[in-house]
There are 2 protein chains.
Amino acid sequence: MTFEPISRQSVSDQVFGRLRDAIVSGRYAADEALPSERELSATFEVNRHAVREALRRLQQLGLVQVSQGGATRVLDWRATAGLDLTMALAGAEDVLPVATLERDVLEMRACIGADAARLCAERAAPGARAAITEAVDRYAAAIPDLARMGEADLALWRRIIEGSGNIAYLLAFNSLTAGALAVGHVPAPRRTAELLDVAAHRRLSDQIARGDVAGAQRTARELLALTAIGAAAAHDEAGETTSERG
Amino acid sequence: MTFEPISRQSVSDQVFGRLRDAIVSGRYAADEALPSERELSATFEVNRHAVREALRRLQQLGLVQVSQGGATRVLDWRATAGLDLTMALAGAEDVLPVATLERDVLEMRACIGADAARLCAERAAPGARAAITEAVDRYAAAIPDLARMGEADLALWRRIIEGSGNIAYLLAFNSLTAGALAVGHVPAPRRTAELLDVAAHRRLSDQIARGDVAGAQRTARELLALTAIGAAAAHDEAGETTSERG
DNA sequence: ACCCGTCAACTGGTTGGACCAGTTGGCCGG
DNA sequence: CCGGCCAACTGGTCCAACCAGTTGACGGGT
């Protein structure tokens, strides 16, 4: 049992969180004007500067557009927000079921993971390949402890993606592993099948080490699909989230 | 000929840009302490609040870690930054050649595009499929004008990704198409081959419309690989960017 | 010589208020 | 009815003070 550090959210953090959730969950419609900074600061009973910091962060996330003189407008985050928003998408249950989001994240993980494994087998530097073998060993050494195996597994995949030499994949990996609803925090039972497949991990590592491009891609795809398929079967068609938008 | 809106960067935007470039380009080492807010505000000759807003944004991007009482420390962005950072990565030429970054973005585009096409053919709602056919028509209608074709092509891919119902793919698409070095702004000659392949676009649209899952995936992969291969051949091995890190 | 509490001198966090700068929309004169 | 003007918004910037944590050096006790 370990203790989490007590969260000391600053005032502007709280304002940010509230507004973010309000926007993502659709309580503010797209293109709607947010209350003025002065109004918000009165509502939240905080200084205007705190509100401003929050708004700047929301703008950076792609959730609002602030413009001097005019009102701060809410954007359609499906059109303007980047992948970093995934960290914040948990609080939009009514407009976007977590189950769907989880499925999406796992699909993306499988897609990128397989391609990264391919690229890694194709062009990773010798040192990077050695680091991967090493990471698999650490993963295997943690075998009874699921939590530690999960950590080691994440570290292994980071090595593989680093080995692929693709910065975009690496950043996407960061986006997906950060945040509450992250790949690493997927409920244990769902990842167990994948985590316990030590043989597949070993095989993947070997294929990368010896430059078996096609094999590495296939193994990675199979390994990562385990969870995705399980998740898909679990909630079948988790509801249509695709809607018509002009 | 159209005019771009004159950029009226606010003071804090400029501070943000300067610090971002300094960090990404490695002028501040990872784990190094940034100058204090008061110091920075004196250096840039701006108010401390402007510096604070910039720092909050940098923190959100995953470039720095600010902590009350302690110093604001620079993070290793390769480990902590999300995909949204791609928009800012142009100014790190010395530590990360644009050619490499461009290749990476194209690889990711191909990977996600193909999978989105697959998912779209598999589970898109009828309305979404119709919207795609429509988008292809608009794309084909723009035929002589490369710029307009590029726009229409982006719109088409957005429809396909929306049709896949995968929010993560959609957000990643946003991350990749935003920013200066975005997919949409890739130099014309490089995308020309792909853009001119109207037949393949039509085929893809048809396969999605009729639910040919494997076919759609294959067509999309081939279509998106055109550019990637061209780019890869152009600068061959654009230099190793993988380094050992503890 | 070493350990440990204390405290001063940092760090960022928050506040209030004043003023600048750009946008909007209504009002009034032509 | 049109068009310019102006007041009343909006966000942008600044100053100055103080609150709240962290850090490290200093000095007394062991």
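Protein chains get the first letters and strands the later ones, always in sequence-line order, with residue 1 at the start of each.
Residue pairs meeting the salt bridge (charged side-chain N to carboxylate O under 4.0 Å, His left out) criterion with at least one partner in residues 139-148 of chain A, sequence neighbours excluded, do not occur; the list is empty.
When rounded to the nearest whole Å, the span between CD of B:Q65 and P of D:dT22 equals 13 Å. With rounding to whole Å, A:R52 atom CZ is found 17 Å from C:dC20 atom P. Atom CD of B:E45 is separated from atom C1' of D:dC15 by 16 Å (rounded to the nearest Å). Between the P atom of C:dG12 and the CD atom of A:E53 lies a distance of 13 Å, rounded to the nearest Å. Remark: P of D:dG12 and CD of B:Q9 are 13 Å apart, rounded to the nearest angstrom.
OP1 and OP2 of C:dT14 both lie 4.0 Å or more from every side-chain N or O belonging to A:N47. The shortest distance between the side-chain N/O atoms of A:R48 and the OP1/OP2 oxygens of C:dT15 is not below 4.0 Å.
When all heavy atoms are compared, the tightest approach of A:A135 to A:R159 is CB-CG, 4.2 Å.
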N/O to N/O distances under 3.5 Å, protein versus nucleotides 4-11 of chain C:
residue	atom	partner	partner atom	Å
C:dT11	O2	B:G69	N	3.4

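In terms of the ring-ring contact (aromatic ring centres under 6.0 Å, His included) criterion, A:F173 has no residue partners (sequence neighbours excluded).
With a 4.5 Å cut-off on side-chain heavy atoms, B:L55 and B:L19 count as touching.
Between A:V46 and B:L34, the residue anchored nearer the 5' end of DNA chain C, judged by the nucleotide with its closest heavy atom, is B:L34.
Not a single donor-acceptor pair, N or O on each side, falls under 3.5 Å between the base of D:dT13 and the side chain of A:H49.
Without hydrogens or angle criteria, B:S41 side chain to B:V51 main chain gives no donor-acceptor distance under 3.5 Å.
Exactly one residue among A:E53, A:H49, A:R52 makes a side-chain hydrogen bond (donor to acceptor under 3.5 Å, both in side chains) with A:S12. That residue is A:E53.
Residue A:V66 places its side chain closer to D:dG11 than to any other of C:dT15, D:dG11, C:dG12.
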